[in-house]
> 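Take this structure, written in structure tokens, and hold onto it; I'll ask about it next.
Predicted, not measured: the structure shown is a model, and the values here were computed from it.
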Amino acid sequence: MITNMLRGATALCLALTSLTFPSPTTATTTTTTTTTTRVPVPDVLPLEDAVGRLPVVEEDRTGYTRDSFKHWNTGLDAADGCDTRDEVLLAEAVQEPAVAAGCKLSGGKWDSYYDGVEVGEADDLGIDHMVPLAEAWESGADTWDAERREAYANDQGAAASLVAVTARTIRSKADQDPATWMPPLPEAHCRYIGEWTATKLRWGLAADQTEAEALKVYAEACETTVVHYSPAP
């Protein structure tokens, strides 16, 4: 099963050194080969600076359909019988649910941070795309190919991209940006703005003028909020 450590994990890889030693019965000269694997180091910056990195452009939803983003796919582990939605639920559970055949979840416990509600049934939750698919489309995803849009819609490489919250808050949010919708729990606002901004930066998405102005206002009020993001592969 996918664990919390598989989502949003950011780590530095150590250089892996492979040494070949000469046989005592030969005089063959050997060399040392060093292989280094580089992993992008996440950018960490104050929310106000992160918001300032977003390009501001006019958005256009022409041509958008939800089917342009294939989801949910087989997730991080194609062999576990769980799709992306189920894997996110398992990763974000504060009390692990039971998993039956076909990845049927029962029991468990989740904290919906948008509204501060504790949820005890997976069916009462939805998986929210932090930046909705329609918003992503008009912010730059309209130029992507189908493979990249699928990767976006199923992104478990950053914990902020997909979030398990109550279904009613997802319905309320729909495809709105922070200029017109914020989580009903005021204490969630700074986290939400930070994760919205991180997701847009991760995927190279833009903001429109009204959205950018709203983000700046929230950033001024969230002085201690720090944004972590790595560019999507």
Side-chain angles (χ1 to χ4, degrees), residues 7-8 47 50-76 82-89 92 112-115 125-184 188-189 191-219 227 229-233:
R7 299 185 65 243
L47 176 57
V51 168
R53 290 193 181 188
L54 293 173
V56 179
V57 302
E58 184 177 349
E59 294 179 346
D60 183 2
R61 199 170 293 190
T62 301
Y64 167 74
T65 65
R66 191 169 177 81
D67 291 341
S68 299
F69 296 80
K70 180 182 177 182
H71 66 291
W72 306 108
N73 63 19
T74 55
L76 295 177
C82 301
D83 62 15
T84 298
R85 179 185 187 279
D86 292 327
E87 289 182 355
V88 173
L89 288 171
E92 296 194 2
S112 170
Y113 95 80
Y114 285 5
D115 49 5
L125 292 159
I127 304 302
D128 188 38
H129 290 94
M130 175 56 60
V131 175
L133 303 181
E135 170 70 20
W137 176 273
E138 63 188 17
S139 301
D142 60 322
T143 65
W144 298 348
D145 61 21
E147 182 178 5
R148 188 158 184 81
R149 287 197 288 267
E150 179 180 352
Y152 175 84
N154 297 274
D155 181 21
Q156 294 187 69
S161 297
L162 300 171
V163 56
V165 290
T166 54
R168 64 173 175 266
T169 57
I170 296 177
R171 290 192 296 269
S172 172
K173 173 181 174 178
D175 55 11
Q176 299 178 83
D177 68 32
T180 55
W181 188 90
M182 288 290 288
H189 288 183
R191 174 180 172 182
Y192 183 78
I193 291 295
E195 294 186 348
W196 178 280
T197 303
T199 302
K200 285 218 160 179
L201 289 172
R202 172 171 168 76
W203 287 93
L205 298 172
D208 64 21
Q209 188 63 49
T210 304
E211 175 191 349
E213 291 172 358
L215 292 174
K216 289 176 182 177
V217 170
Y218 282 109
V227 171
Y229 78 94
S230 297

> Would you say the side-chain atoms of Lys200 pair up with the backbone N or O of Leu205, donor to acceptor, closer than 3.5 Å?
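Not a single qualifying donor-acceptor pair exists.
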> Going by heavy atoms in the side chains, are His71 and Arg85 under 4.5 Å from each other?
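Result no, sub-4.5 Å side-chain heavy-atom pair not found.
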> Looking only at non-hydrogen atoms, find the nearest pair between Thr74 and Glu87 and report the distance.
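Where Thr74 meets Glu87 most closely, the heavy atoms are O-OE2, 3.7 Å.
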> Taking side chain as C-beta onward, heavy atoms only, is Thr199 less than 4.5 Å from Tyr152?
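Yes; the side chains approach each other to less than 4.5 Å.
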> Side chains of Ser172 and Trp181 only: does a donor on one sit below 3.5 Å from an acceptor on the other?
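Checked: Ser172/Trp181 side chains pair up, N/O donor to acceptor below 3.5 Å.
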> Side chains of Asn73 and Thr84: any donor to acceptor distance under 3.5 Å?
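A pair is found: one side chain offers a donor N or O, the other an acceptor, under 3.5 Å apart.
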> Let me see the working for Glu211 and Lys216 under salt bridge (Lys or Arg N to Asp or Glu O under 4.0 Å), right down to the final yes or no.
CA-CA 9 Å; Glu211 175 191 349; Lys216 289 176 182 177; over 6 Å; no
> How close do His189 and Pro183 get, heavy atom to heavy atom, and via which atoms?
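Closest heavy-atom pair between His189 and Pro183: NE2-O, 2.8 Å.
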> What verdict does the side-chain contact (heavy atoms from CB on, under 4.5 Å) test give for Val57 and Gln209, after you've listed the backbone C-alpha separation in whole Å, the side-chain angles of each residue and the deciding distance to 0.1 Å?
CA-CA 7 Å; Val57 302; Gln209 188 63 49; over 6 Å; no
> Under a plain distance cut-off of 3.5 Å, with no hydrogens placed, do Glu195 and Tyr229 share a side-chain donor-acceptor pair?
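On atom types as modelled, these side chains do not qualify, holding no pair under 3.5 Å.
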> How about Asp177 and Asp208: do any of their side-chain heavy atoms sit closer than 4.5 Å?
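Sidechains of Asp208 and Asp177: in contact.
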> Would the distance check show the side chain of Ser139 and the main-chain N or O of Glu135 forming a donor-acceptor pair, the cut-off being under 3.5 Å?
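Yes, Ser139 side chain to Glu135 backbone: donor-acceptor pair under 3.5 Å.
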> Given 3.5 Å as the limit, does a donor-acceptor pair link the side chain of Thr197 with the main chain of Val51, or not?
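No; judged by distance alone, with no hydrogens or angles, the pair does not exist.
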> If you compare all heavy atoms of Pro178 against all heavy atoms of Leu215, which two are closest, and at what distance to 0.1 Å?
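Looking at all heavy atoms of both residues, the shortest contact is CG-CD2, 4.0 Å.
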> Could you check Arg202, Arg149, Arg148 and say which one makes a salt bridge (Lys or Arg N to Asp or Glu O under 4.0 Å) with Asp155?
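It is Arg202; the other options fail the test.
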> What closest approach, in Å, do Leu162 and Ala153 show between heavy atoms, and which atom pair accounts for it?
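Shortest heavy-atom contact: CD2-O, 4.0 Å.
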> Just how far is it from atom OG of Ser112 to atom CZ of Arg168, taken to the nearest 0.5 Å?
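One finds 7.5 Å between OG of Ser112 and CZ of Arg168.
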> Between Arg61 and Asp142, is the salt bridge (Lys or Arg N to Asp or Glu O under 4.0 Å) condition met? List the steps.
CA-CA 8 Å; Arg61 199 170 293 190; Asp142 60 322; over 6 Å; no
> What pairs with Thr62 under side-chain contact (heavy atoms from CB on, under 4.5 Å), at least two apart in sequence or on another chain?
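Result, side-chain contact (heavy atoms from CB on, under 4.5 Å) vs Thr62: Asp60.
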> Considering all heavy atoms of both residues, which atom of Leu54 and which atom of Ala207 are nearest to each other, and what is their separation?
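Answer, listing the atom of Leu54 first, then Ala207: CD1-CB, 4.4 Å.
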> Find out whether Leu47 and Tyr218 are in side-chain contact, i.e. whether some heavy atom of one side chain is under 4.5 Å from a heavy atom of the other.
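They are not in side-chain contact.
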> Which value, rounded to the nearest 0.5 Å, describes the distance between Asn154 atom CG and Asp83 atom CG?
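One finds 8.5 Å between CG of Asn154 and CG of Asp83.
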> Which value, rounded to the nearest 0.5 Å, describes the distance between Leu125 atom CG and Ile170 atom CD1?
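Nearest 0.5 Å value for the CG-CD1 distance: 8.0 Å.
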> Using the side-chain contact (heavy atoms from CB on, under 4.5 Å) rule, take Tyr64 and Glu138 through it: C-alpha gap first, then chi angles, then the decisive distance, then the call.
CA-CA 8 Å; Tyr64 167 74; Glu138 63 188 17; over 6 Å; no
> Where is the tightest heavy-atom contact between Ala164 and Val88, given as atom of each residue plus distance?
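Scanning both residues completely, I find the closest heavy atoms to be N-CG1, 4.5 Å.
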> Do any N or O atoms from the side chain of Thr143 and from the backbone of Gly140 form a donor-acceptor pair under 3.5 angstrom?
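A pair under 3.5 Å: yes.
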> Would you mind telling me which of Trp72, Trp196, Trp203 makes a ring-ring contact (aromatic ring centres under 6.0 Å, His included) with His129?
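Answer after filtering Trp72, Trp196, Trp203: Trp72.
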> With side chain to side chain donor-acceptor pair (under 3.5 Å) as the criterion, how do Asp115 and Thr169 come out once you've worked through the C-alpha distance, each side chain's angles and the decisive distance to 0.1 Å?
CA-CA 7 Å; Asp115 49 5; Thr169 57; 4.6 Å; no
> Working to the nearest 0.5 angstrom, can you tell me the gap between Leu76 CG and Cys82 SG?
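Here the rounded value is 11.0 Å.
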> Say whether, by atom type as modelled, one donor and one acceptor occur between the side chain of Lys173 and the main chain of Met130 under 3.5 angstrom.
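Side chain of Lys173 to backbone of Met130: a pair is present.
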> Verify whether the ring centers belonging to Phe69 and Trp144 lie closer than 6.0 Å.
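No: the rings miss the under 6.0 Å criterion.
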> For Ser161 and Gln156, test the side chains for any donor-to-acceptor distance below 3.5 angstrom and give the result as yes or no.
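Side-chain D/A pair, Ser161 to Gln156: absent.
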> Heavy-atom distance under 4.5 Å between the side chains of Val163 and Tyr113, does that happen here?
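Touching, per the 4.5 Å side-chain cut-off.
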